[in-house]
There are 2 protein chains.
Amino acid sequence: MSKKRGRPLTEALTEAERVCLSNGAQLTELRRTVLQLILEAPGPLTAYQLLDQLKEIRKSAVPPTVYRTLEFLMENRLVHKIEQLNAFIPCSDAHHDHHDVQFLICEKCGTVAEIEDHAIVRALAKAAEKQGFHPGKAVVELDGICAACSTSAH
Amino acid sequence: MSKKRGRPLTEALTEAERVCLSNGAQLTELRRTVLQLILEAPGPLTAYQLLDQLKEIRKSAVPPTVYRTLEFLMENRLVHKIEQLNAFIPCSDAHHDHHDVQFLICEKCGTVAEIEDHAIVRALAKAAEKQGFHPGKAVVELDGICAACSTSAH
DNA sequence: TAACGGATGTTATACTATAGCTCTTCAGGT
DNA sequence: ACCTGAAGAGCTATAGTATAACATCCGTTA
Ligand SMILES: [Zn+2]
Ligand SMILES: [Zn+2]
Ligand SMILES: [Zn+2]
Ligand SMILES: [Zn+2]
């Protein structure tokens, strides 16, 4: 489906621990496990794909287990939901503002890249202002073909 | 929930007829009925809300009836799906490119405004190019408070 | 007529998400 | 030590969204 992500797993988990601590939240074993599954996946995972994997580790897992955990991880800015896919990816940068992030979804290999482009953010803000609209979160998801897929033969 | 849309219903339906004709597609009675329901609604409708209304007119309606009709209407650029809401709105302009449209979703009154802002489109194209990404359709949905709701008292 | 394609009917099922209640654990106050 | 409250997790059930697969109807045309 796609290549592995860049950042070492343990580093990402340590960083997650730090983020939760600073948010006054607890990265429990369950949450840590789910985050690890998402980090290890080669691409976006749906809640039920996650559930299937989680069940092998934690027999008691049921849908609410996963959805509650995902909610926690999103609130703490550790994962993103891709609306078009009903699927979840790890956040690639614990520091950015989750209101202002964009995703590039490859239709060929399924990978999703996360970017934070300030020109896009400015254009969105300006367009909203023109309409007298006060924006909160923005969902920006671009479908297309990624660089790797468009250079690879046929 | 929100005020009625601006364009007269019959005018919108006539225009839809014309669009389908020029696409070599047929706006059948079923499709026309579903489009009319969407046009008359004060805000986005989910597929099952639509189904409930359709059943009162057409006893045989079941989920595939609605989903197939919605697929047709989207292919012919007559309606849009709002990904965050799993709901559908009429297209406000049969002429624009559905790859490059944006939505402003009011969290207070539920209305969804459709805009086509070329500065946003350019910023998206440029950001994609920077990554070597070849973009197709873009999903751009801004949550926030619309002008009417932010000026209204309390 | 026969063959075909587009539209719709019909049944069943897959997939996504949440409600609501229980139980345990642990920290803070008495 | 005891009570209490809040957070986390378990558990059952159900709500909500979407599609697969096959059948039927009907108008066009070879
Ligand atoms: Zn992120
Ligand atoms: Zn790719
Ligand atoms: Zn439109
Ligand atoms: Zn509003």
Side-chain angles (χ1 to χ4, degrees), chain A residues 16-17 20-21 23-38 41 43-76 78-89 110 139 141, chain B residues 16-17 20-35 37-38 41 43-76 78-89 110 139 141:
Chain A
E17 199 84 56
C20 286
L21 202 63
N23 291 350
Q26 317 174 39
L27 190 63
T28 61
E29 190 191 343
L30 170 61
R31 291 163 176 172
R32 190 183 172 88
T33 302
V34 170
L35 177 57
Q36 182 168 346
L37 289 172
I38 296 172
L45 288 178
T46 68
Y48 278 72
Q49 286 172 340
L50 210 41
L51 176 57
D52 286 342
Q53 294 188 30
L54 185 59
K55 275 178 177 165
E56 296 175 5
I57 304 170
R58 200 180 179 98
K59 209 176 71 61
S60 67
V62 287
T65 313
V66 168
Y67 281 102
R68 282 197 293 232
T69 304
L70 286 169
E71 187 181 13
F72 172 89
L73 294 173
M74 286 190 288
E75 278 169 359
N76 287 276
L78 296 170
V79 312
H80 292 281
K81 177 174 183 180
I82 308 300
E83 294 290 342
Q84 287 181 78
L85 304 177
N86 295 318
F88 301 84
I89 62 171
V139 171
E141 299 175 0
Chain B
E17 197 84 57
C20 286
L21 202 63
S22 84
N23 290 351
Q26 317 173 41
L27 189 63
T28 60
E29 190 191 345
L30 170 63
R31 291 164 175 170
R32 189 183 172 88
T33 302
V34 171
L35 178 56
L37 288 172
I38 296 172
L45 289 177
T46 68
Y48 278 72
Q49 286 171 340
L50 210 42
L51 176 57
D52 286 342
Q53 294 190 28
L54 185 60
K55 273 178 178 164
E56 296 176 4
I57 303 170
R58 201 180 178 98
K59 209 176 69 59
S60 68
V62 287
T65 313
V66 167
Y67 281 102
R68 280 197 294 232
T69 304
L70 286 169
E71 186 179 15
F72 173 89
L73 294 173
M74 285 191 289
E75 278 169 359
N76 287 275
L78 296 169
V79 312
H80 291 282
K81 177 174 183 180
I82 308 300
E83 294 290 342
Q84 287 181 80
L85 304 177
N86 296 317
F88 301 84
I89 62 170
V139 171
E141 298 175 1

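Below, chain A is the first sequence line, B the second, and so on; all start at residue 1.
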A.B. asks: Which heavy-atom pair separates A:Pro44 from A:Ala87 by the least distance, and what is that distance?
C.D. replies: CB-CB, 3.6 Å
A.B. asks: What are the two closest heavy atoms between A:Leu85 and A:Thr46, and how far apart are they?
C.D. replies: O-CG2, 4.4 Å
A.B. asks: Once each nucleotide of nucleotides 9-23 of chain D is scored for protein heavy atoms under 4.0 Å, what B/S/- sequence comes out, 5' to 3'?
C.D. replies: BBBB----BBBBB--
A.B. asks: Which distance, rounded to the nearest 0.5 Å, do you find between the CG of B:Leu27 and the CG of B:Leu78?
C.D. replies: 7.0 Å
A.B. asks: Would you give the length of the straight line joining atom CG of A:Asn23 to atom CZ of A:Phe72, rounded to the nearest 0.5 angstrom?
C.D. replies: 8.0 Å
A.B. asks: What range of DNA chain C does chain A touch, first nucleotide to last, counting atoms under 4.0 Å from its heavy atoms?
C.D. replies: C:dT16 to C:dG20
A.B. asks: Where along nucleotides 24-30 of chain D does protein come under 4.0 Å, by heavy atom, of base (B) or sugar-phosphate alone (S), with - for untouched nucleotides?
C.D. replies: -------
A.B. asks: Scan A:Leu45, A:Leu50, A:Thr65 and name whichever one has a side-chain contact (heavy atoms from CB on, under 4.5 Å) with A:Leu70.
C.D. replies: A:Leu50
A.B. asks: State whether the side chain of B:Gln84 and the backbone N or O of A:Val139 hold a donor-acceptor pair below 3.5 Å, judged by distance alone.
C.D. replies: no
A.B. asks: With rounding to the nearest 0.5 angstrom, report the CD to CG distance, B:Glu56 to B:Leu51.
C.D. replies: 10.5 Å
A.B. asks: As an exercise, state the distance from CD of A:Glu71 to NZ of A:Lys81, rounded to the nearest 0.5 Å.
C.D. replies: 11.0 Å
A.B. asks: Rounded to the nearest 0.5 Å, how far apart are CG of B:Leu37 and CG of B:Leu54?
C.D. replies: 6.5 Å
A.B. asks: How many angstroms lie between atom OG1 of A:Thr33 and atom CZ of A:Arg58, to the nearest 0.5 angstrom?
C.D. replies: 6.5 Å
